[in-house]
Amino acid sequence: MRTLPLIEVNQLCHDYDGTGGGIQQISFRIFKGEFILVAGKNGSGKSTLFRHLNALLMPTTGDLLVHGRSIRKDPLAARKAVGLVFQDADTQIVGETVADDIAFGPENLGLARNKIQERVDLALDALGLSQLRERNPSSLSGGEKRRLAIAGVVAMDPEVIVLDEPFSNLDHPGTLDLIACIEKLHRTGHTIVLSTHDIEKVITLATRMIILDRGRLVADDLPQALLKHLEPFGVREPCASRLGMAVQPWAS
Ligand SMILES: Nc1ncnc2c1ncn2[C@@H]1O[C@H](COP(=O)(O)OP(=O)(O)OP(=O)(O)O)[C@@H](O)[C@H]1O
Ligand SMILES: [Mg+2]
């Protein structure tokens with residue numbers, strides 16, 4: 001029996017202001033357990049596409065289905081299944097302590113106190129923030145803030161975690177920590193969709209890669225199959241691949 005897609009994107013178009021900007025005619029499907037890397041130059045439409053995955057934006061034409069239900073008819077089902085970590089996610093902080101900040105989402109879901117606590121503990125652990133639970137979020141480093149933003153999404157218990165440019169402004173150790181956290185989230189059953197300009201960092205974790213160019217989907221294949229076809233779309237080929245070597249995991 002063929003598994004049903006978790007998300008189905010059908011001829012999706014978003015035109016922000018009638019000038020044809022945004023995204024056009026995008027179709028693809030996302031299956032449970034995938035790790036999809038989305039690449040493309042500035043303005044190619046990655047963030048616009050991502051904002052449809054959890055129904056923050058509605059299609060101008062076309063549709064997007066989550067578990068077979070259109071986001072037009074049931075945006076809440078999409079928001080429950082898909083957690084989006086925004087580009088510049090560090091600006092979303094709302095709590096007085098790290099733990100309070102993570103609890104904010106589950107509290108809004110109306111969960112019982114002990115359930116909220118359980119979700120917060122799991123998210124702290126998943127993002128390596130347990131030691132920092134009582135800290136004021138404004139005192140965290142940039143890398144810690146980024147992990148806090150992701151923990152807030154993880155605490156909502158989404159099946160799919162969408163990360164828009166999660167590595168921007170992180171130093172090398174901060175990047176390595178985050179890669180390890182994302183790998184663990186994938187290993188523990190989350191479906192991951194991630195955009196980055198530096199595909200070298202996660203290409204060995206990705207099961208599939210999509211390239212956007214001027215709002216259109218121009219490639220959708222195994223990452224290995226696309227390595228030699230990236231540069232016309234403004235995506236840098238990993239160094240190892242340019243030197244004719246196999247690309248190694250970044251964390252090793
Ligand atoms: N709120 C908006 N109003 C009008 N046009 C917009 C808006 N947001 C994005 N766009 C346009 O839509 C296109 C796609 O932008 P988007 O932010 O999705 O690209 P991106 O691939 O995420 O870029 P980046 O790599 O810079 O984050 C661009 O041409 C952009 O100018
Ligand atoms: Mg973007």
Side-chain angles (χ1 to χ4, degrees), residues 7-28 30 34-64 66 71-72 75 78-79 82-93 142-143 145-147 149-150 152-153 158 160-170 174-175 178-179 182 191-203 206 208-221 223 226-227 229-238 250:
I7 298 178
E8 218 174 321
V9 184
N10 292 329
Q11 302 283 309
L12 181 69
C13 298
H14 190 92
D15 189 350
Y16 282 103
D17 49 16
T19 59
I23 51 175
Q24 294 161 52
Q25 302 290 328
I26 293 192
S27 297
F28 68 104
I30 301 175
E34 287 194 292
F35 187 135
I36 303 181
L37 178 53
V38 180
K41 46 170 108 83
N42 292 136
S44 59
K46 304 177 294 297
S47 298
T48 304
L49 170 64
F50 284 5
R51 280 187 222 117
H52 288 81
L53 294 174
N54 78 337
L56 273 183
L57 277 181
M58 285 295 146
T60 307
T61 58
D63 208 350
L64 193 148
V66 177
I71 56 168
R72 296 173 186 279
R79 277 173 210 148
V82 183
L84 171 61
V85 183
F86 290 89
Q87 194 165 0
D88 303 316
D90 328 345
T91 53
Q92 292 172 81
I93 285 163
K145 278 186 189 151
R146 185 71 48 83
R147 281 188 280 133
I150 300 171
V153 167
V160 186
I161 301 179
V162 182
L163 300 134
D164 197 357
E165 291 289 344
F167 305 116
S168 56
N169 297 321
L170 296 190
T175 304
L178 186 54
I179 292 172
I182 294 170
T191 302
I192 306 283
V193 181
L194 182 151
S195 76
T196 177
H197 289 290
D198 198 357
I199 62 161
E200 193 145 3
K201 291 175 176 152
V202 281
I203 195 159
R208 193 170 145 202
M209 184 165 170
I210 282 173
I211 303 178
L212 300 185
D213 187 50
R214 283 172 283 178
R216 292 181 182 271
L217 189 155
V218 291
D220 176 357
D221 210 331
L226 293 179
L227 284 177
H229 307 281
L230 299 171
E231 305 225 328
F233 305 112
V235 181
R236 192 162 174 267
E237 182 183 349
W250 226 61

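Both ligands and their constituent atoms are indexed starting at 1 by order of listing. In what follows, residues are counted from 1 in the order of the sequence shown.
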message: Donor-acceptor check, side chain of E231 to backbone of E237, threshold 3.5 angstrom: yes or no?
response: yes

task: Please state whether the separation between the Mg ion (ligand 2) and some N/O/S atom of Q87 is under 2.8 Å?
output: yes

query: Is any N, O or S atom of N42 under 2.8 Å away from the Mg ion (ligand 2)?
result: no

message: With a 3.5 Å distance limit and no angle check, can you tell me whether D213 reaches the backbone of R216 through a side-chain donor-acceptor pair?
response: no

query: So which protein heavy atom does atom 24 (P) of ligand 1 come closest to, and at what separation?
result: N42 ND2, 3.6 Å

query: Less than 4.5 Å apart, any side-chain heavy atom of N10 and any of L12?
result: no

message: Donor-acceptor check, side chain of H197 to backbone of K41, threshold 3.5 angstrom: yes or no?
response: no

statement: The protein heavy atom nearest to atom 15 (O) of ligand 1 is T48 OG1, 3.8 Å

query: Does R51 come within less than 4.0 angstrom of ligand 1, counting non-hydrogen atoms of the residue?
result: no

task: Provide, to 0.1 Å, the distance between atom 27 (O) of ligand 1 and the closest protein heavy atom, together with that atom's residue and name.
output: Q87 NE2, 3.0 Å

query: Backbone N or O of G174 within a donor-acceptor pair of the R147 side chain at under 3.5 Å?
result: no

Non-hydrogen atom of G22 closer than 4.0 Å to ligand 1: yes

message: Looking at K46 and D164, is there a salt bridge between them, counting it only when a charged N and a carboxylate O are closer than 4.0 Å?
response: no

query: Do the side chain of R208 and the main chain of D220 share a donor and acceptor less than 3.5 angstrom apart?
result: no

- prompt: Under 3.5 Å between some N or O of ligand 1 and some N or O of G45?
  reply: yes

- prompt: Nearest protein heavy atom to atom 2 (C) of ligand 1, by residue and atom, and its distance?
  reply: Y16 CD2, 3.4 Å

query: What is the closest protein heavy atom to atom 29 (O) of ligand 1, and at what distance does it sit?
result: G43 O, 3.9 Å

field: Any non-hydrogen protein atom less than 4.0 Å away from atom 13 (C) of ligand 1
entry: yes

message: Within a 6.0 Å radius of atom CG on D221, are there more than 12 heavy atoms belonging to other residues, nucleotides or ligands?
response: yes

task: Using a strict 4.0 Å cut-off to heavy atoms of K41, name the atoms of ligand 1 that fall inside it.
output: 21 (O)

- request: Indicate yes or no: at least one non-hydrogen side-chain atom of I26 is less than 4.5 angstrom from one of H52.
  value: no

- line: atom 25 (O) of ligand 1 has as its nearest protein heavy atom K46 NZ, 2.8 Å

task: Identify the protein heavy atom lying closest to atom 17 (O) of ligand 1, giving its residue, its atom name and the separation to 0.1 Å.
output: S47 CB, 3.9 Å

- prompt: How about P59 and I71: do any of their side-chain heavy atoms sit closer than 4.5 Å?
  reply: yes

query: Side chain or backbone of H197 under 4.0 Å from ligand 1, or both, or neither, by non-hydrogen atoms?
result: side chain

